[in-house]
Novice: 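Handing you a structure now.
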Amino acid sequence: MSVVSDIKNAAAAAIQALYQQPFTAADIAVNTTKPEFEGEYTIVVFPFTKFSRQKPEETGQALGAWLTANYADLITGFNVVKGFLNLQVRHQYWIRFVQQAHASRQVGQKPANGRKVMIEYSSPNTNKPLHLGHLRNNFLGYSVAEIFKANGFEVIKANLVNDRGIHICKSMLAWQLFAHGDTPATTGIKGDHLVGDYYVHFETILKEQAEPIISDVLEGEFKDFDGAEKERIIKLYQALQKPEVQADEEKSTKIKDEIKEISRNRTEIMQQAKIMLQQWEAGNPEVRALWQTMNSWVYEGFDETYRRLGIDFDKMYYESQTYLLGKDLVEEGLRKGVLFRKEDNSVWIDLTAEGLDEKLLLRGDGTSVYMTQDLGTARLKYDDYHMEQSVYVVADEQNYHFKVLKLILEKLQEPCADGIYHLSYGMVELPHGRMKSREGTVVDADDLVDEMIATAAANTEELGKVKGFSEEELRELNETIGLGAMKFFLLKVDPKKKMIFNPEESIDMHGFTGPFIQYSYARIKSIMREFSTADLAVLADYTHEEALLPMEKELIMLCEQFDGILEEAQREMSPSVIANYAFLLAQTFNSFYAKKEQGKYIYSVRDAESDSKRKLRLQIASLTASTIKQSMKMLGIAVPERM
RNA sequence: GGACCGGUAGCUCAGCUGGAUAGAGCAGCUGCCUUCUAAGCAGCAGGUCAUUGGUUCGAAUCCAAUCCGGUUCACCA
């Protein structure tokens, strides 16, 4: 039970008693009171004037009087300003909260609720190392999983690895052609980076081979093409010659892009890659062996990155094992009449009634597409775990895909359909736009982590506050701070918004940042170190009778809101809710810590004006520390005892 | 063109289930380390909440239209 819900329930009872109106607690607006007015929480009374038939002020007075008379253990006083009823919560209420929180020892962990969710995140391709975009995905997925757990859910963290397809064949082919047998072991290059390097190599060759073909086409020469493709390319060429197209830059760029794409497909190296993909699908032993070897290099690299990032999974899925799934669903769909077959034998679903298009599910040759395997995988996951919700952490460019996926599953009456939830997040962009591998602007995840830790180390060194730390402790501290800065940076923004990352400026460690909060935590721990565990232990049964000073109350109130914040974060699937809260809490503690009047620190724990105040403040500090620690844990961020 | 998302301080973002005078951080300017940690604190300055209209006691928040930016609408994944 929270204060806000207590107040809402009391207000609902008041309305029932005074006006005989069945107003539910959920319909009552309760906010924190603005600092310029007296009170802690405020009820907005405007909505009640309809049936009170009094002015807002009178309605507020009547409600306030009733509440202080009938809920005296909750509310001790009130004042009314216009339509706002400001309530003063009984000071014992706050004290009781502090003591209960202290006694329970574990803040922000709700008991198991018997509900099960799967969170799929990360889901990398195995042809390239992880980059900045993946980091947002990984941190989001991990954090949302933590948030669900804290709210009492059972969580399965899943990773669907895209380990097959043309992209990995590109790396494999380039390796075969140019690597002379190099391995991570012989070169000392991390496996995922080595494989990524050959992917880049492939793209370079591809570009070289495509260029003459493209320039031929642009000059009206089509010798590299035949059949339908030739017709298509000629059509594009002719379209490009039209004066109205040449005047329209957007249009001509689009046509040129298509010409480039078709030309790239005509290159020798691309043809080889396609052959390799066919060999892979046919189970060619040599190709399969190379595939296994190179993927294993990538997994070693990924494992290292994941371990460093503190990211883990309960269940791995591999597309090489799931890409053929979904065909039976299509068969069933055809039988149910939800799907239909065209003359060329391809299978479709008609979603025009839903304002969407027709969507292909099986090609004419019977092979499946991305959507088909996702349908099958959705069923597989559900068969594996029977979870009530299946969350996909995937960038917002796939919004349409997931909308369609859910819709099709609903139409097929799959039991997993209702639980499908696309946690869509915005891309991380550079100041000049999206990261482009062809332009070499991709920010590598490992490099960024290194950089962050180095920055943290430089700061730690400069501040010189960690005398007596061993080498190992120092390394661990800098890793905690560097990673904390990075995770917080990527999680503090609302997931659905795209965000800008400027690699020129390193991620800040002051202000609204992870290190700021970590620092605040370490500072509290430093205060607490002055006192023994016995000092803390006797606090639980201590009854505090003195009045609460403003910032003592403010901190208690903030800590009391934590449960509600956790629920909101889970409901919204938004770690940023917690990031904002943790910052506010840390910031408030810092003000509390530094508040000075007439040359004295008025909230000093050590030099408190009385024994009871010392104990109360120690308790508040301890509770604040636990709440900060748990908040940061929800973001996958550790907090140091000293920094 | 259809669908979806976004537009709040110089910059990066909160606030959006309607509530009191729109908040942080960074950057800029002032102060504060004989103090339980200055990765901190206090303060100054900075706004037609894209535009217009509507809904009502009340709109950054809801609705409509418009403008700007993005994503997507592949027999790619």
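Numbers restart at 1 for each chain; the letters A, B, ... are given by sequence-line order, proteins then strands.
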Novice: Check this for me: does any side-chain nitrogen of one of A:Arg606 and A:Glu530 sit under 4.0 Å from a carboxylate oxygen of the other?
Specialist: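 Salt bridge present between A:Arg606 and A:Glu530.
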Novice: What is the nucleic acid contact for A:Thr460, judged by heavy atoms within less than 4.0 Å: base, sugar-phosphate only, or nothing?
Specialist: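 Base: the residue A:Thr460, judged by heavy atoms under 4.0 Å, touches a nucleobase.
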Novice: Using a cut-off of 4.0 Å on non-hydrogen atoms, how would the nucleic acid contact of A:Ile481 be classed: base, sugar-phosphate, or nothing?
Specialist: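 Answer is base: heavy atoms of A:Ile481 come under 4.0 Å of a base.
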Novice: Any carboxylate oxygen within less than 4.0 angstrom of a Lys/Arg side-chain nitrogen, looking at A:Lys497 and A:Asp494?
Specialist: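 So A:Lys497 does not pair with A:Asp494 through a salt bridge.
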Novice: Which of these nucleotides, B:C57, B:C26, B:A38, is closest to any side-chain atom of A:His510?
Specialist: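 In terms of side-chain proximity for A:His510, the closest of B:C57, B:C26, B:A38 is B:C26.
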Novice: Please report, rounded to the nearest Å, how far the C1' atom of B:C36 is from the NZ atom of A:Lys615.
Specialist: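 In whole Å, B:C36 C1' and A:Lys615 NZ are 18 Å from each other.
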Novice: Between A:Lys492 and A:Phe583, which residue's closest nucleotide on RNA chain B lies nearer the 5′ terminus?
Specialist: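 The residue closer to the strand's 5' end, by nearest nucleotide, is A:Lys492.
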Novice: Would you call A:Glu229 and A:Arg266 a salt bridge, using N to O less than 4.0 angstrom?
Specialist: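 Counted as a salt bridge, because a side-chain N and a carboxylate O are separated by less than 4.0 Å.
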Novice: Heavy atoms only, 4.0 Å cut-off, all strands: where does A:Met499 land among base, sugar-phosphate and nothing?
Specialist: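 It contacts sugar-phosphate atoms only.
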Novice: Determine the Euclidean distance between corresponding P atoms of B:G43 and B:U48; express it in Å to zero decimal places.
Specialist: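 One P to the other, the span is 24 Å.
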Novice: What's the gap between B:A24 and B:C67 when it is taken at their C1' atoms, as a whole Å value?
Specialist: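 The same atom, C1', in both gives a distance of 29 Å.
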Novice: Starting at atom CG of A:Leu407, determine the distance to atom P of B:C4, rounded to an integer number of angstrom.
Specialist: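 After rounding, the reported distance stands at 14 Å.
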Novice: Counting just side-chain N and O atoms, does A:Gln587 come under 4.0 Å of either OP1 or OP2 of B:G40?
Specialist: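 False: A:Gln587 side-chain N/O out of range (4.0 Å or more) of B:G40 OP1/OP2.
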Novice: For A:Phe583, is the NZ or CZ atom of A:Lys492 found under 6.0 angstrom from the centre of its six-membered ring and inside 45 degrees of the ring axis?
Specialist: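 Judged by the rule, A:Lys492 and A:Phe583 form no cation-pi pair.
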Novice: Starting the side chain at C-beta, find the nucleotide from B:C32, B:A20, B:C26 nearest to A:Phe84.
Specialist: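 Closest nucleotide to the A:Phe84 side chain: B:A20.
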Novice: In the 5'-to-3' direction, what one-character label does each nucleotide of nucleotides 68-77 of chain B receive under the scheme B = base within less than 4.0 Å of a protein heavy atom, S = sugar-phosphate only, - = no such atom?
Specialist: ---SSS-BSB
Novice: A:Phe402 near the nucleic acid: base, sugar-phosphate alone, or nothing, with a heavy-atom cut-off under 4.0 Å?
Specialist: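 No contact at all - A:Phe402 keeps every heavy atom at 4.0 Å or more from the nucleic acid.
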Novice: Using a 5.5 Å cut-off between ring centres and planes within 30 degrees, is A:Phe37 stacked on the base of B:A20?
Specialist: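 A:Phe37 ring centre within cut-off of B:A20 base, planes near parallel; stacks.
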Novice: Whole angstrom is fine here: how far is it from CG in A:Leu618 over to P in B:C36?
Specialist: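 Rounded to whole Å, this separation is 16 Å.
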Novice: With P as the reference atom in both, quote the distance from B:G7 to B:A14 in angstrom, rounded to an integer.
Specialist: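 After rounding to an integer number of Å, I get 8 Å for this pair.
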Novice: Please determine if A:Arg53 and A:Glu58 form a salt bridge, counting it only when a charged side-chain N lies under 4.0 Å from a carboxylate O.
Specialist: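 So A:Arg53 does not pair with A:Glu58 through a salt bridge.
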Novice: Under 4.0 Å between a side-chain N or O of A:Arg523 and OP1 or OP2 of B:A38?
Specialist: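 A:Arg523 to B:A38 OP1/OP2: side-chain N or O found under 4.0 Å.
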Novice: Starting at the 5' end of RNA chain B and moving along, which residue's nearest nucleotide shows up first, A:Thr513 or A:Lys50?
Specialist: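 In this pair, the answer is A:Thr513.
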Novice: Does A:Asp163 form a side-chain contact (heavy atoms from CB on, under 4.5 Å) with A:Ile168? I'd like the steps, not just the answer.
Specialist: CA-CA 7 Å; A:Asp163 62 342; A:Ile168 181 69; over 6 Å; no
Novice: Can you tell me whether the side chain of A:Asn86 and the base of B:A20 have a donor-acceptor pair closer than 3.5 Å?
Specialist: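 Such a pair exists between side chain and base.
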Novice: What's the closest nucleotide to the side chain of A:Pro47 if the choices are B:G25, B:G19, B:G40?
Specialist: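 Selected nucleotide (nearest to the side chain): B:G19.
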Novice: Is a salt bridge present between A:Arg164 and A:Glu281, judged by a nitrogen-to-oxygen distance below 4.0 Å?
Specialist: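 Counted as a salt bridge, because a side-chain N and a carboxylate O are separated by less than 4.0 Å.
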Novice: If I pick the C1' atom on B:G23 and the same atom on B:A74, what distance separates them, to the nearest angstrom?
Specialist: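 Their C1' atoms lie roughly 45 Å apart.
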Novice: Heavy atoms only, 4.0 Å cut-off, all strands: where does A:Glu597 land among base, sugar-phosphate and nothing?
Specialist: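 No contact at all - A:Glu597 keeps every heavy atom at 4.0 Å or more from the nucleic acid.
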Novice: Quantified in whole Å, what is the P atom distance between nucleotide B:U12 and nucleotide B:A27?
Specialist: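 It works out to 15 Å between them.
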Novice: Any base atoms under 4.0 Å from A:Leu463, or only sugar-phosphate, or nothing? Heavy atoms, all strands.
Specialist: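 If one applies the 4.0 Å heavy-atom cut-off, A:Leu463 turns out to touch a base.
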Novice: Considering every strand and a 4.0 Å limit on heavy-atom distances, what is the contact class for A:Ala29: base, sugar-phosphate, or nothing?
Specialist: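 Nothing: the residue A:Ala29, judged by heavy atoms under 4.0 Å, touches no strand.
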Novice: Please give, in whole Å, the distance from B:U34 P to A:Asp607 CG?
Specialist: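 Taking atom P of B:U34 as the reference, CG of A:Asp607 is at 17 Å.
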Novice: Please report, rounded to the nearest Å, how far the P atom of B:G15 is from the NZ atom of A:Lys496.
Specialist: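 A:Lys496 atom NZ is separated from B:G15 atom P by 8 Å.
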Novice: Taking the C1' atom of each, how far is B:U21 from B:G28, in whole Å?
Specialist: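 Approximately 25 Å lies between the C1' atom of B:U21 and that of B:G28.
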Novice: State plainly whether the residues A:Arg232 and A:Glu258 are in salt-bridge range, i.e. N to O under 4.0 Å.
Specialist: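 Looking at A:Glu258 together with A:Arg232, the answer is yes, because their closest N to O distance falls below 4.0 Å.
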Novice: What contact category does A:Tyr601 fall into here, base, sugar-phosphate, or nothing, at under 4.0 angstrom with non-hydrogen atoms?
Specialist: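 It contacts base atoms.
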Novice: Heavy atoms under 4.0 Å, any strand shown: does A:Arg529 hit a base, just sugar-phosphate, or nothing?
Specialist: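 Here A:Arg529 touches no strand at all.
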Novice: Expressed as a whole number of angstroms, how long is the span from A:Phe48:CZ to B:G19:P?
Specialist: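 Rounded to whole Å, this separation is 15 Å.
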Novice: Tell me if the aromatic rings of A:Phe489 and A:Phe501 count as close, with their centers under 6.0 Å from one another.
Specialist: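 That pair passes the under 6.0 Å test.
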Novice: Quick one: label A:Lys403 by what it contacts on the DNA or RNA (base, sugar-phosphate, nothing), any heavy atom closer than 4.0 Å.
Specialist: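 Contact class for A:Lys403: sugar-phosphate only.
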Novice: Taking the inter-plane angle between the rings of A:Phe84 and A:Phe46 on a 0 to 90° scale, is it parallel (under 30°), tilted (30 to 60°) or perpendicular (over 60°)?
Specialist: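 Perpendicular.
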Novice: Counting only side-chain heavy atoms from C-beta out, which of B:C26, B:G19, B:G40 sits nearest to A:Val44?
Specialist: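 The nucleotide sitting nearest to the side chain is B:G19.
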Novice: Dot-bracket for RNA chain B, 5' to 3', with Watson-Crick and G-U pairs under 3.5 Å, [ ] for crossing pairs and | for other-strand pairs: what is it?
Specialist: ((((((((.[[[[.)...(...]]]].(((((.......))))).....[[[[[..)....]]]]])))))))....
Novice: Ignoring backbone atoms, establish whether A:Lys497 has a side-chain N or O less than 4.0 Å from OP1 or OP2 of B:A14.
Specialist: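 The answer is yes; a side-chain N or O of A:Lys497 sits under 4.0 Å from OP1 or OP2.
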Novice: Select base, sugar-phosphate, or nothing to describe what A:Tyr519 touches, counting heavy atoms under 4.0 Å on all strands.
Specialist: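 Answer is base: heavy atoms of A:Tyr519 come under 4.0 Å of a base.
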Novice: Checking contacts here: which listed nucleotide (B:C26, B:C13, B:C36) is nearest the side-chain heavy atoms of A:Val493?
Specialist: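 Side chain of A:Val493 sits closest to B:C13.
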Novice: Taking atom types as they are modelled, is there a donor-acceptor pair under 3.5 Å from the base of B:A42 to the side chain of A:Ser591?
Specialist: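 Flag unset: no donor-acceptor pair detected.
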Novice: Could you give me the CA-CA distance, side-chain angles and deciding distance for A:Glu609 and A:Arg617, then say whether salt bridge (charged side-chain N to carboxylate O under 4.0 Å, His left out) is met?
Specialist: CA-CA 11 Å; A:Glu609 56 274 33; A:Arg617 286 183 198 146; 3.0 Å; yes
Novice: Considering every strand and a 4.0 Å limit on heavy-atom distances, what is the contact class for A:Asn459: base, sugar-phosphate, or nothing?
Specialist: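 Base, at least one base heavy atom under 4.0 Å.
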Novice: Between B:C41 atom C1' and A:Lys595 atom NZ, what is the distance in whole Å?
Specialist: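 In whole Å, B:C41 C1' and A:Lys595 NZ are 10 Å from each other.
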Novice: Within this structure, what is the CD-to-C1' distance between A:Glu572 and B:A14, rounded to whole angstrom?
Specialist: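 Computing the A:Glu572:CD to B:A14:C1' distance gives 14 Å.
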Novice: Heavy atoms only, 4.0 Å cut-off, all strands: where does A:Tyr593 land among base, sugar-phosphate and nothing?
Specialist: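 If one applies the 4.0 Å heavy-atom cut-off, A:Tyr593 turns out to touch a base.
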Novice: Just distance, no hydrogens or angles: give the donor-acceptor pairs under 3.5 Å from side chains in residues 353-360 of chain A, sequence neighbours left out.
Specialist:
{"unit_1": "A:Glu354", "atom_1": "OE2", "unit_2": "A:Lys411", "atom_2": "NZ", "d": "3.2"}
{"unit_1": "A:Asp357", "atom_1": "OD2", "unit_2": "A:Tyr400", "atom_2": "OH", "d": "3.0"}
{"unit_1": "A:Glu358", "atom_1": "OE1", "unit_2": "A:Lys342", "atom_2": "NZ", "d": "3.2"}

Novice: Surrounding NZ of A:Lys496 (heavy atoms of other residues, nucleotides or ligands, distance under 6.0 Å), is the total greater than 12?
Specialist: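 Result for NZ/A:Lys496: open.
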Novice: With rounding to the closest Å, how many angstrom separate the P atoms on B:C49 and B:A22?
Specialist: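 Their P atoms lie roughly 10 Å apart.
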Novice: Say you pick atom P in B:C44 and the same atom in B:C26; how far apart are they, in whole Å?
Specialist: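 These two P atoms come out 16 Å apart once rounded.
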